[in-house]
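The structure under discussion appears below in the form of structure tokens.
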Amino acid sequence: MHHFDLKDGVLHAEGVSLEALADSVGTPTYVYSSATLRRHYGLLREACDAHRGALGDALIAFAVKANSNLSVLATLAKLGCGADTVSEGEIRRALTAGIPGERIIFSGVGKTDAELAFAIEQGVRQINVESSTELDRLIAVAATKNAAPAIAIRVNPKIGAGGHAKITTGGAGDKFGVPVEEAMALYARVSSSPHVTPVGLACHIGSQITDLAPLEAAFRVLRDMTDALRAQGRSVTRLDLGGGLGVPYYGDAATPSPADYVAMAARVLEGLNVEAAFEPGRLMAANAGVLLSRVIQVNERTDGRRFLVLDAAMNDLMRPALYDAFHDLKPVRPVEGELLPHDVVGPVCETGDTFARDRDLPPLKAGDLVVFMSAGAYGAVMSGEYNTRPLAAEVLVDGERSAVIRPRPTYEAMFAREPMADWLKD
Ligand SMILES: *Cc1c(COP(=O)(O)O)cnc(C)c1O
């Protein structure tokens, strides 16, 4: 489900040659496909609309942390997409990109008083509360503004899932949310508060989940809690089902389709008469982006190891170093020849700066262009300037058009961010 294909022997993003982009913008550069973003949103929207009876007027709130570039957000905003945000900065990005407050959810395990105040001022749709102490602070902040923001309690259902221990969030020992019993008690405690309006429950159990079973189990927990809260006379009108659905990073991997995922949610919520929210991040953005890089050299050592040294590094794409993540690597111009095992590495002075070990690749040479596939989520957002490597550029393609949506900074611009201490100037 993406729009990165060969045309005339060269890999293209929609109608734009990646070779031409590398020549004009340089490398490393993230390239995003608008058509892919639209397709992913469209598939989810269609599935939600087909299940209006069970899911109500469901909100699809893109998890901004997956890809927060303003042009990416604006592309989604124009489709009616909402935003799931985890900081004041992300709320500001969503608003700047044209996502109205009423489609913004504010989540996160450590929101400051200032962030809570900002969210209230912007009239966000809902604040997902993750602890009783946060709830107390929110009530205090809301009281000073004479407000009563809509809240959902984030439940930790003790069902962790995901592609790696570091991206599992719903396990009993994970820092996110409160256990079921505590969520019930919090809901009861605030139902009479004049300064918050409890509207429902939320959960998000992990990321890169490739099996619907744990998600279904978590949704059932929310359903049972809804029944129990209503039996106590509480109002529950919204269920936020989080994100987490995985994508096929390996070419032939099978992951549940968005349609099956939404249909499962509809089955679980059938008859509850709530409004659902989905918070997809990876599902929307991962396959909508690639990281374009040029081969610096190939090091063939006498001990037999072969290193493909790229001009992209762990500071540009951190997922392999952070989570042992797999990204398919494709040459921009297919290369003939025997596949040989390569270690794919960047120039950063860390052994962790290794994208892949023993990856079978055709004979590539200095100057060749390659792309890391499925790099549109948790890629550029995590990039940094370690080793004083300028932030990777970002480009958005739409049909035949392309635009640089984050230019690579110059060294002057990078250094200008670090004013010299007065006493060191001469
Ligand atoms: C990260 C996150 C998401 C998105 O997760 P994906 O796996 O990218 O879909 C959704 N909701 C919350 C609360 C998150 O923290």
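As the structure lists them, so they are numbered: ligands from 1, and atoms in each ligand from 1. Note that the coordinates shown come from a computational prediction; the quantities given were computed from them, not determined experimentally.
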**Asked** Are the side chains of D49 and L55 in touch, meaning some heavy atoms are under 4.5 Å apart?
**Response** no
**Prompt:** Does the separation of the ring centres of Y261 and F278 fall below 6.0 angstrom?
**Reply:** yes
**Asked** Is the distance between the ring centroids of H327 and Y249 under 6.0 Å?
**Response** yes
Contacting atoms of ligand 1, where contact means under 4.0 angstrom from a heavy atom of [X]:
| X | answer |
| --- | --- |
| G243 | 9 (O), 10 (C) |
| S207 | 6 (P), 7 (O), 8 (O) |
| Y378 | 1 (C), 4 (C), 5 (O), 6 (P), 8 (O) |
| E279 | 3 (C), 4 (C), 9 (O), 10 (C), 11 (N), 12 (C), 13 (C) |
| K65 | 1 (C), 2 (C), 3 (C), 4 (C), 14 (C), 15 (O) |
| G244 | 5 (O), 6 (P), 7 (O), 9 (O) |

**Asked** Non-hydrogen atoms of V86 versus ligand 1: any pair closer than 4.0 Å?
**Response** no
**Request:** Could you tell me whether D84 and ligand 1 have an N or O pair separated by under 3.5 Å?
**Result:**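 Yes, at least one N or O pair falls under 3.5 Å.
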**Item:** Short N or O distance, G281 and ligand 1, threshold 3.5 Å exclusive
**Value:**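 There is such a contact, yes.
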**Message:** Taking CZ in R230 as the centre, count heavy atoms belonging to other residues, nucleotides or ligands within less than 6.0 Å. Is the count above 12?
**Reply:** yes
**Prompt:** Given S71, which of I405, L76, D398 fulfils the side chain to side chain contact (heavy atoms under 4.5 Å, CB included) condition?
**Reply:** I405
**Request:** Would you confirm whether Y30, through its side chain, and D316, through its main-chain N or O, come within 3.5 Å as a donor-acceptor pair?
**Result:** yes
**Message:** If we ignore hydrogens and angles and just use 3.5 Å, is the side chain of S293 paired with the main-chain N or O of A312 as donor and acceptor?
**Reply:** yes
**Request:** Using a 4.0 Å heavy-atom cut-off, say whether A63 meets ligand 1 through its side chain, its backbone, both or neither.
**Result:**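 A63 to ligand 1: side-chain contact only, backbone stays beyond 4.0 Å.
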**Item:** E134/K111 salt bridge by N-O under 4.0 Å criterion
**Value:**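 Yes, charged N to carboxylate O under 4.0 Å.
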**Complete:** Of Q208, R282, H204, R154, the one whose closest heavy atom lies nearest atom 5 (O) of ligand 1 is H204
